[in-house]
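Down below is the structure, laid out as structure tokens.
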Protein chains: 2
Amino acid sequence: MTLAHTILVVLMGEPNSGYGIRSRFEEDVQFFWQASHQQIYRELGKMENQGWISPTVVAQEGKPDKKVYAITDSGRQELLRWCTEPTAPTAIREDLMVRILAGPYMDRGMLIEEVQDRRDFHQQRLEDCREREQWFRDHSDLPLVEKFRYLNLQRGILFEKSWVDWCDRVLELLRSPDLSTIFEES
Amino acid sequence: MTLAHTILVVLMGEPNSGYGIRSRFEEDVQFFWQASHQQIYRELGKMENQGWISPTVVAQEGKPDKKVYAITDSGRQELLRWCTEPTAPTAIREDLMVRILAGPYMDRGMLIEEVQDRRDFHQQRLEDCREREQWFRDHSDLPLVEKFRYLNLQRGILFEKSWVDWCDRVLELLRSPDLSTIFEES
DNA sequence: AGAAACATGTAACCAGTTACATGATTAC
DNA sequence: GTAATCATGTAACTGGTTACATGTTTCT
């Protein structure tokens, strides 16, 4: 039930609407958790039933009404409880790796193109991360909350970097006849 | 439907039973795809209905009968078709990262312990990977199928390494007062 | 005597995805 | 006018997890 707890963490900062929470997910949560608005609204309903959050309908000018949720004491308690539980590493399920396993039976050129596309994708994300990193570095003496966000960004950077590195290595191999350079040192 | 296609790739090598496929998943597929036996048996049923695989019941001495599945022409065609589709990066959903975001509101010592445990876990996996890497290096001139497996192992190594690196960095920060060393160079 | 490996399945549940559905305001 | 942003929801489907269920052989 980590989606619920991710939402609780967001609401620890300040009360927010489903739409607002969604936006926060797109900002800094994006690297390690994502959820569609449908999922968030459904989860918010469940969490309200549990008593972890309580809604207030806020009328707005020029905008539709919004339902702003605030974390309750019960919600805070639940988050605390969840934080004492050990986390388990998430199982990886990666299509591209299955594609690699299928490599011996497939067209080499097609595979190279696929890996190249992925390399570009992760390179782009890496650059985006680095830009955000610069923002953090420009604002020293940030509040604690921001420092922890920075740690997440660091995870994102290392993650994207490891993808780019792997793609580069694989591309070199795939382009060599019979993958002959496979055991050369990196 | 990548589970089905992962199974198809396994069956490209040789016909296999549900149990055998499960074992293959535990060996080299484990780094990027995993499935319980329940899931595999269910999927095999669906795939048989689709005509991608065909079963033969094999009686064995001292062991229960097994249902050995072989890939059909239709299955081979489907795998080929799937391989022309572009892959999309898998969304990351990582509990530990949510825990980090909750960091500002939680006990520091608890968080350090959690990260330390994860560091140990990934370090262990990294060492396992490196052992298997050595096996590949000791057997040069491997068949193509093995060379592609090696590429997957490389992904696993870079993946685990990036986890260990990140944990190390985070631990150093968490142990410094107010995360003061946060912007020091890595 | 008990655990591990071999072997296959059903049923219920939970979480994530996709499609459908509506409607105002603001910026280009 | 058209897209983007703000704002909230329902319904059906798919895929993954957990629990239940059975039975043999081999190794310690």
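Numbered from 1 within each chain, the chains take letters A, B, ... in sequence-line order. Please read all numbers here as calculations on a predicted model, not as lab measurements.
Note that CD of A:Glu133 and CG of A:Leu126 are 9.0 Å apart. Values are rounded to the nearest 0.5 Å.
Within residues 89-100 of chain B, the residues approached by DNA chain C to less than 4.0 Å at the level of any non-hydrogen atom are B:Arg93, in residue-number order.
Taking atom CG on A:Asp65 and atom C1' on D:dT5, their separation rounds to 17 Å, with Å as the unit. We find that CD1 of A:Ile40 is positioned 15 Å from P of C:dT18, with the value rounded to whole Å. The interatomic distance linking B:Gln34 (CD) with D:dG15 (P) rounds to 16 Å, in whole Å. Taking atom NE2 of A:His37 as the reference point, atom P of C:dG23 lies 15 Å away to the nearest angstrom. Computed from coordinates, the B:Leu44 CG to C:dT10 P distance equals 12 Å when rounded to whole Å. Atoms CD1 (B:Ile7) and P (D:dG16) sit 10 Å apart, rounded to a whole Å. Taking atom CD on B:Glu43 and atom P on C:dG9, their separation rounds to 14 Å, with Å as the unit. Distance NZ (B:Lys66) to P (C:dA7): 5 Å, rounded to an integer number of Å.
Look at A:Arg81 and A:Glu78 and you find a salt bridge, because one of the NZ, NE, NH1 or NH2 atoms lies within 4.0 Å of a carboxylate O, short of that distance. The pair B:Glu172-B:Arg169 fails the salt-bridge criterion, with no side-chain N (NZ, NE, NH1 or NH2) lying under 4.0 Å from an Asp/Glu carboxylate O. Taking a cutoff of 4.0 Å between a charged side-chain nitrogen and a carboxylate oxygen, A:Arg118 and A:Glu114 do not qualify as a salt bridge. Using a cutoff of 4.0 Å between basic side-chain nitrogens and carboxylate oxygens, A:Asp73 and A:Arg76 are scored as salt-bridged.
Residue A:Tyr41 places no side-chain N or O under 4.0 Å from the OP1 or OP2 atom of D:dG9. Close to D:dC6, at under 4.0 Å from its OP1 or OP2, lies a side-chain N or O of A:Tyr19. Within the 4.0 Å cut-off from OP1 or OP2 of C:dC14, not a single side-chain nitrogen or oxygen of A:Lys46 is found. Residue B:Gln60 places at least one side-chain N or O closer than 4.0 Å to OP1 or OP2 of C:dA7.
When the C1' atoms of four end pairs are superposed on the next four at each end of the helix from C:dA1-D:dT28 to C:dC28-D:dG1, using five pairs per end, the two resulting axes differ in direction by 40°, to 10°.
When distances are taken from the side chain of A:Arg42 to each of C:dT17, D:dG9, C:dT8, the shortest belongs to C:dT17. Among the nucleotides D:dT8, C:dT8, C:dG16, the one closest to any side-chain atom of A:Gln39 is C:dG16.
Ring pair B:Trp163/B:His122 is parallel by interplanar angle, where below 30° counts as parallel and above 60° as perpendicular.
Contact annotation for A:Gln38: base contact, defined as any heavy-atom pair under 4.0 Å involving a base atom.
A pairwise comparison of heavy atoms in A:Ile7 and A:Met47 identifies CG2-CE, 3.7 Å as the closest pair. Residues B:Leu174 and A:Phe148 approach most closely at CD2-CE2, 3.8 Å, considering heavy atoms. Between A:Ala102 and B:Val9 the shortest heavy-atom distance is CB-CG2, 3.7 Å.
Hydrophobic cluster membership is shared by A:Ile100 and B:Leu142, with clusters built from Ile, Leu, Val, Met, Phe, Trp and Tyr side chains linked at under 4.5 angstrom.
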